[in-house]
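Step one of this worksheet: look at the structure below.
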Amino acid sequence: MVPGVGWPVSYVLLCGQAALLLGNLLLLQGVSRSHQHNATGAESGEAERDQPACSPAPACYYGDPLAPLVLCSHLPEEFIECEDPVDHVGNITAQRELGHGCVKFGGQAYSDVDHTPVQCKALDGIECADPRTFLRGNKPCIKYTGHYFITTLLYSFFLGCFGVDRFCLGHTGTAVGKLLTLGGLGIWWFVDLILLITGGLMPSDGSNWCTTY
């Protein structure tokens, strides 16, 4: 060995071994921390899975599209039940105060029929975000009380001179007059036939003709 050269070489080798040892220690410390972070994340995930879907309670309320529950008003028709349209019996002020309901019922053409939202609620046992009661739809203001067009037309043709058709439709006052005059000597009988066919003679309660027999 050349004198004076061995000491620097030994010093360099010693420093290299120390640096390598220090690097190994740092690497082991990083791996240990990574394992601890993964374990903590796994425990946190298990704890979240163990909690109810809607805990705490405010989290159950609809706040964004990623909320756990949908609004009750967005449920399909098979998961809700709706009431019949409210009958305001011609009181338009009551209809405006309530915000929905029918002022009048009936109408032959679609444009003649009023439409209104109706009060609906989610069925029991269906989980959804409040409110469970809400307004839904655009229901037509029509009702059926058992009056059939074909039956009434037959009554009018065969028994109209006795006012049977008007008795059946609830027009009692004019039916009595038609009976006493024997159908207006046939003129009233003929006019009522035309009125029935053209939609001018309808049930007195504003209901529509039943469509099934």
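All heavy atoms count here, side chains included; hydrogens, waters and symmetry mates do not. Keep in mind the model is a prediction, meaning the values are calculated, not measured.
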Would you give me the side-chain donor-acceptor pairs under 3.5 Å for residues 160-175, sequence neighbours excluded?
unit_1	atom_1	unit_2	atom_2	d
Asp165	OD1	Lys178	NZ	3.3
Asp165	OD2	Ser156	OG	2.9
Asp165	OD2	Lys178	NZ	3.0
Arg166	NE	Asp192	OD2	2.8
Arg166	NH1	Thr174	OG1	3.1
Arg166	NH2	Asp192	OD1	2.9
His171	NE2	Met202	O	2.7
Thr174	OG1	His171	O	3.2

Side chain to side chain contact (heavy atoms under 4.5 Å, CB included) partners for Phe79, two or more places apart | Leu75, Pro76, Ile126
Qualifying residues under side chain to side chain contact (heavy atoms under 4.5 Å, CB included), relative to Thr133, sequence neighbours excluded | Gln119, Lys121
Ring pair (Phe, Tyr, Trp, His ring centres under 6.0 Å): pairs with one or both residues in residues 113-134, sequence neighbours excluded = Tyr110-His115
Check for me, please, whether [X] and [Y] land in the same ILVMFWY cluster - side-chain distances under 4.5 Å, paths through other members count.
X	Y	answer
Val118	Leu123	no
Leu201	Val191	yes
Val89	Val113	no
Leu154	Leu196	yes

Nearest 0.5 angstrom please: [X] [atom1] to [Y] [atom2], how far?
X	Y	atom1	atom2	value
Phe190	Leu185	CZ	CG	15.5 Å
Cys72	Glu127	SG	CD	10.0 Å
Leu195	Trp188	CG	CH2	11.0 Å

Kindly state each residue pair satisfying salt bridge (charged side-chain N to carboxylate O under 4.0 Å, His left out) with at least one member in [range], sequence neighbours excluded.
range	value
residues 144-162	none
residues 181-191	none
residues 138-157	Asp87-Lys143

Side-chain touch Tyr144/Ile142, heavy atoms, less than 4.5 angstrom | yes
Would you say Thr116 and Asn138 make side-chain contact, with heavy atoms under 4.5 Å?
-> no
If you link I, L, V, M, F, W and Y whenever their side-chain heavy atoms are under 4.5 Å apart, who else ends up in the same group as Leu135?
-> none
Under the salt bridge (Lys or Arg N to Asp or Glu O under 4.0 Å) rule, collect the residues that match up with Glu77, sequence neighbours excluded.
-> Arg136
Are the side chain of Asn208 and the backbone N or O of Gly107 linked by a donor-acceptor pair below 3.5 Å?
-> yes
Report, as yes or no, whether the 6.0 Å neighbourhood of atom CG on Leu180 holds more than 12 heavy atoms from other residues, nucleotides or ligands.
-> yes
Mark yes when over 12 heavy atoms from residues, nucleotides or ligands other than Tyr155 sit less than 6.0 Å from its OH; otherwise mark no.
-> no
Output, in order, the C-alpha distance, side-chain angles, deciding distance and verdict of side chain to side chain contact (heavy atoms under 4.5 Å, CB included) for Cys128 and Leu71.
-> CA-CA 6 Å; Cys128 56; Leu71 285 170; over 6 Å; no
For Trp209, ring-ring contact (aromatic ring centres under 6.0 Å, His included) partners two or more places apart | Phe149
Would you tabulate the side-chain donor-acceptor contacts of residues 92-104 under 3.5 Å, counting partners in other chains and residues two or more places apart, or write 'none'?
unit_1	atom_1	unit_2	atom_2	d
Lys104	NZ	Asp112	O	3.0

side-chain hydrogen bond (donor to acceptor under 3.5 Å, both in side chains) against Asp205, all qualifying residues, sequence neighbours excluded | Thr145, Ser207
